[in-house]
Amino acid sequence: MKLLVGLGNPEAKYFNTRHNIGYKFIDAMNENLKTKYKRKPGANSEKFLQSIIWDYSPFACLAKPLKYMNDSGISVKKLVDAYKLDLKDLYIVHDDLDIALGEYKIQFGKGPKVHNGIQSIIDELGTDQFGRIRIGIENRQALSEQSESKGRIPGDKYVLQDFTADEKPVINWTIQKLIHDEFFESLRYA
């Protein structure tokens, strides 16, 4: 079984931000599987540390930690331990400023240069050897060309901004393309 964990921040004010793309993906994946929303029994227990769980055994479990991004590792470690998961079956879905908006990469043991959520997971697991589903959000050059300021937005501020009206269809298309990637199709039959 694969464990797919989407990173984000749990407060409503963050729901439409670039940093919450992991949550958006998990929600879309769950919808794609045409299963009603449900919490796995015990999802609010200490064992799961306030993660929302969708369990599609035997092929996958989807999770959204309800910890803030920078503390994601605490929840991920609890999930890995609870499911007795081999880290080769763990995939973290997250935003990535090293990848252009509209693109994605599925990789193992590789990630962005700086991402506090990923660093938290590495710190808790004691390794960087797990899968990453990196969804590109980098669009600052285009935004700076459209604005009067012409300055590049610092990454830590940019990720906490909502997607623009022009970016929303691109990111929705990217998520749908990713959901139908052969990697996810293969999960259904693993």
Side-chain angles (χ1 to χ4, degrees), residues 1-33 35-96 104-135 137 156 159-160 175 178-179 183-184 186-188 190:
M1 179 172 77
K2 303 282 189 219
L3 172 62
L4 301 161
V5 180
L7 300 188
N9 287 307
E11 276 187 79
K13 68 181 181 180
Y14 296 112
F15 285 174
N16 295 309
T17 65
R18 295 175 182 98
H19 222 19
N20 270 39
I21 195 69
Y23 275 18
K24 286 183 178 302
F25 174 80
I26 294 296
D27 289 341
M29 186 73 174
N30 183 52
E31 181 65 29
N32 181 263
L33 293 172
T35 302
K36 292 181 181 177
Y37 175 92
K38 65 177 180 176
R39 286 182 189 255
K40 182 175 175 58
N44 286 323
S45 70
E46 177 63 22
K47 178 178 174 181
F48 290 102
L49 202 62
Q50 297 182 350
S51 292
I52 297 173
I53 310 293
W54 294 272
D55 193 338
Y56 297 105
S57 295
F59 72 92
C61 181
L62 309 178
K64 293 188 329 187
L66 295 177
K67 295 295 252 178
Y68 284 91
M69 177 71 75
N70 295 353
D71 293 324
S72 297
I74 297 167
S75 295
V76 171
K77 174 78 166 114
K78 293 281 186 182
L79 290 165
V80 166
D81 290 348
Y83 281 98
K84 297 175 180 45
L85 198 72
D86 186 321
L87 292 184
K88 71 176 178 46
D89 293 323
L90 172 65
Y91 284 84
I92 306 299
V93 186
H94 63 89
D95 60 297
D96 197 317
Y104 66 86
K105 291 183 181 178
I106 302 172
Q107 297 175 302
F108 192 86
K110 293 184 179 185
K113 294 175 188 132
V114 178
H115 192 289
N116 291 337
I118 293 296
Q119 190 58 55
S120 172
I121 295 167
I122 292 169
D123 292 345
E124 289 294 324
L125 296 179
T127 182
D128 64 356
Q129 295 303 297
F130 52 87
R132 312 234 172 86
I133 300 166
R134 304 166 58 195
I135 302 176
I137 60 165
D156 60 338
V159 299
L160 294 176
I175 288 172
L178 180 54
I179 285 171
F183 173 79
F184 291 105
S186 71
L187 287 182
R188 289 174 170 79

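Nothing fancy with the numbering, it's 1 onward along the sequence.
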Are any non-hydrogen side-chain atoms of [X] and [Y] less than 4.5 angstrom apart?
X	Y	answer
D95	T17	no
V76	L3	no
Y104	I175	no
M69	H115	yes
L79	L85	no

Looking at [atom1] of [X] and [atom2] of [Y], how far apart are the two atoms once the value is rounded to the nearest 0.5 Å?
X	Y	atom1	atom2	result
I121	T127	CD1	OG1	12.0 Å
I122	Q129	CD1	CD	9.5 Å
D89	F130	CG	CZ	14.0 Å
I92	I133	CD1	CD1	8.5 Å
M1	L90	CE	CG	11.0 Å
K13	L160	NZ	CG	9.0 Å

Smallest separation among heavy atoms of [X] and [Y], with atom names:
X	Y	answer
L125	K77	CD2-CD, 3.8 Å
L66	Y23	CA-OH, 4.0 Å
Y68	Y14	CE2-CE1, 4.0 Å
P65	G6	CD-O, 3.3 Å
K67	S75	CG-OG, 3.0 Å
Q107	Y91	O-CE2, 4.5 Å

query: Quick one: which of I135, L7, N20 gives a side-chain contact (heavy atoms from CB on, under 4.5 Å) with F25?
result: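 Single side-chain contact (heavy atoms from CB on, under 4.5 Å) partner of F25 among I135, L7, N20: I135.
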query: Are any side-chain N or O atoms of D86 and backbone N or O atoms of K88, one a donor and one an acceptor, separated by less than 3.5 Å?
result: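 Yes; at least one donor-acceptor contact below 3.5 Å.
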message: Under the salt bridge (charged side-chain N to carboxylate O under 4.0 Å, His left out) definition, can you give me all pairs with a residue in residues 119-129, not counting sequence neighbours?
response: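 Non-adjacent pairs meeting salt bridge (charged side-chain N to carboxylate O under 4.0 Å, His left out): zero.
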query: How far apart are the C-alpha atoms of D81 and K78, what are their side-chain angles, what is the distance that settles it, and do they pass the side-chain contact (heavy atoms from CB on, under 4.5 Å) test?
result: CA-CA 5 Å; D81 290 348; K78 293 281 186 182; 5.8 Å; no
